[in-house]
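Input: a single structure, listed below in structure tokens.
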Amino acid sequence: MTSPFGLLAELTYACPLHCAYCSNPLNLADYRDELSTAQWQRVLTEARELGVLQLHLSGGEPLQRRDIVEIVHSATDLGLYTNLITSALGLSRRRAEQLRAAGLGHVQISIQAAEAAESDRIAGTPSFERKLTAAHLVKELDWPLTLNVVLHRRNIDRVTDILRIAEELRADRVELANTQYYGWAWHNRSALLPSRPQIERAETTVRAARERLRERMEIVYVLPDYYGQYPKPCMGGWGQRQLTVAPNGDVLPCPAAHALPLPRASVHENSLAWIWEESPLFQRFRGTDWMPEPCRSCERRELDFGGCRCQAFQLTGDAARTDPVCHLSPDHGIVVEAVQAANEAARPREEELTPRPHPGRSV
Amino acid sequence: MSTALRLSSHPGLSPHVRLAFDRVRERHVLLGPESVLVLNPTGAAVLKLCDGRRTVAEIVRELGRQYDRVVGDEVRDFLARLVANRCVEFGDD
């Protein structure tokens with residue numbers, strides 16, 4: 001068995017934004033009993049002993065944790081490389097300087113669109129200008145900066161403008177990731193899924209920008225799964241490279257896997273090593289033995305590991321089926337239908353989105 | 001930054017990456033924003049010599065004292081790949 005490289009630490013699901021594609025669980029009330037500082041420190045220690053080298057501090061909004069500086073400090077002492085994945089709301093100069101001193105390695109800031117009004121509309125709160133201010137601060141403090149934008153039907157035509165902002169901010173990396181349709185995004189899928197011409201235009205833009213900015217900026221572009229011929233190797237394979245710890249201590253092979261009908265694993269009950277190596281949850285889809293046809297005999301089975309278990313469950317009700325985005329899947333018709341709907345000529349570009357209501361912090 | 005890495009270039013680690021020894025894997029690793037590169041012993045030996053002062057030629061010569069067979073082109077290719085990944089930066093005279 002391989003050792004995990006990365007731990008996604010979802011410190012809290014509290015968040016000042018209300019994005020209509022939020023990937024956090026629907027039942028946030030179940031996650032209010034958050035791990036304490038000492039419990040997170042124990043998780044990080046166990047993670048490092050297990051082989052984790054990269055710590056992704058996320059949420060919700062990780063800056064809503066008052067102990068974020070302390071957590072970063074502990075991670076640095078353990079030798080972990082720390083990435084803060086943030087809306088930037090709460091990244092004051094004082095906080096930023098404390099995080100810098102605590103050894104935080106890298107900051108990833110999201111924007112929701114290429115200009116203030118639309119970005120604020122999608123975020124559900126005035127935030128765009130504060131995000132830009134924070135991004136400048138990140139560069140001023142000599143951190144590497146990633147700008148992250150979730151792409152969908154309403155903003156994907158503005159990729160040129162998004163890249164221009166990234167260039168102006170002197171971002172080192174840009175992540176342009178199309179929406180994954182789980183959780184809240186699932187409810188808004190028809191309003192979020194772009195059309196094929198939209199996807200093709202975005203790809204052309206990204207290719208040209210990659211060439212032009214080659215030595216200055218890394219551009220990560222993630223195609224929507226629904227338009228791929230084959231599925232993605234989700235998380236680099238179930239229980240292969242990454243693990244997630246949710247705010248309440250649940251441990252998951254992938255941040256969306258809370259929705260699957262599988263036995264739970266929690267740091268309250270077991271060590272991280274046992275959960276990674278032995279737990280039924282992490283064993284369930286590890287490797288290739290669990291696979292049905294057509295995956296079982298497919299020559300790509302060790303490349304994409306049958307795709308995403310959460311997507312298979314979301315679309316077919318059975319997490320053990322081939323990911324329906326694969327054109328070889330017997331369920332592929334489900335995806336074809338959604339793509340056809342997104343490409344109907346009469347389909348408006350801007351349908352109503354249902355924003356995510358977000359409760360405030362409870363601890 | 002835009003010119004090719006030469007034997008006279010002075011490579012150094014980008015300020016955004018860290019070279020560390022992972023006791024779990026018993027390998028050196030190069031850690032950067034959202035990335036991990038597990039190094040073989042030769043790769044680690046090359047990077048330990050990348051201090052921004054030594055030239056590529058000097059690094060190759062120094063490695064020659066530690067290892068029997070050091071191919072200059074391989075060292076330069078290895079470093080050029082890391083330059084392309086923005087893990088290594090270099091200056092020229």
Side-chain angles (χ1 to χ4, degrees), chain A residues 1-8 45-58 75-76 78-85 103-109 138-139 141-148 171-175 177 210 212-220 236 241-242 273 276, chain B residues 1-48 50-52 56 76-93:
Chain A
M1 191 183 318
T2 57
S3 305
F5 286 99
L7 170 67
L8 175 66
T45 305
E46 290 186 13
R48 180 69 278 273
E49 284 166 4
L50 196 52
V52 167
L53 292 162
Q54 287 278 341
L55 177 65
H56 312 280
L57 296 160
S58 180
T76 304
L78 289 164
L80 294 164
Y81 190 98
T82 45
N83 306 274
L84 181 71
I85 298 160
L104 180 68
H106 161 230
V107 182
Q108 180 179 133
I109 292 179
V138 166
K139 291 301 294 187
L141 296 181
D142 211 19
W143 261 312
L145 170 69
T146 295
L147 194 68
N148 176 294
D172 301 272
R173 300 172 72 247
V174 186
E175 285 188 7
R210 272 194 186 133
R212 187 170 62 81
L213 300 169
R214 197 162 17 145
E215 279 165 358
R216 274 183 289 157
M217 199 191 321
E218 181 192 352
I219 305 174
V220 180
R241 303 176 66 85
Q242 308 271 342
W276 177 260
Chain B
M1 278 293 285
S2 60
T3 51
L5 187 73
R6 292 193 296 248
L7 282 169
S8 58
S9 307
H10 304 257
L13 293 182
S14 144
H16 299 162
V17 303
R18 287 177 211 156
L19 180 63
F21 185 73
D22 177 9
R23 282 180 290 107
V24 177
R25 293 177 180 79
E26 298 188 322
R27 289 289 181 116
H28 278 87
V29 288
L30 196 59
L31 304 176
E34 323 246 335
S35 75
V36 177
L37 191 64
V38 180
L39 299 162
N40 63 25
T42 330
V46 173
L47 290 182
K48 279 189 224 168
C50 291
D51 57 6
V56 174
R76 199 171 47 182
D77 287 351
F78 171 70
L79 288 174
R81 279 200 302 279
L82 290 175
V83 169
N85 293 345
R86 307 172 78 245
C87 293
V88 167
E89 299 178 347
F90 66 89
D92 283 305
D93 279 331

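Letters go in sequence order (proteins before strands), and every chain restarts at 1.
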Heavy-atom distances under 4.5 Å only: say whether [X] touches chain B with side chain, backbone, both or neither.
X: A:R173; result: side chain
X: A:Q108; result: side chain
X: A:L55; result: neither
X: A:L80; result: backbone

All heavy atoms of A:A75 vs all of A:T82, minimum pair found to be CB-CG2, 3.5 Å

Assess the residue pair B:L82 and B:L47 against the criterion (side chain to side chain contact (heavy atoms under 4.5 Å, CB included)); give the C-alpha distance rounded to whole Å, side-chain angles, the decisive distance to 0.1 Å, and a yes or no.
CA-CA 10 Å; B:L82 290 175; B:L47 290 182; 3.7 Å; yes

Count the heavy-atom pairs under 4.5 Å between each of A:D172, A:D142, A:T146 and chain B, then report the option with the highest count.
A:D172

Specify which of A:G6, A:P4, A:G105, A:G79 makes the most heavy-atom pairs with chain B at under 4.5 Å.
A:P4

Residues which pass ring pair (Phe, Tyr, Trp, His ring centres under 6.0 Å) with B:F78, listed by chain and number, not counting sequence neighbours:
none

With respect to chain A, which residue among B:S35, B:A84, B:S14 yields the maximal number of heavy-atom pairs within a distance under 4.5 Å?
B:S35

For this output row, return yes or no: ring centroids of B:H10 and B:F90 closer than 6.0 angstrom.
no

For A:R241, is the CZ atom crowded, meaning more than 12 foreign heavy atoms sit under 6.0 Å from it?
no

Are A:Q54 and A:F5 close enough that some pair of their side-chain heavy atoms sits under 4.5 Å apart?
no

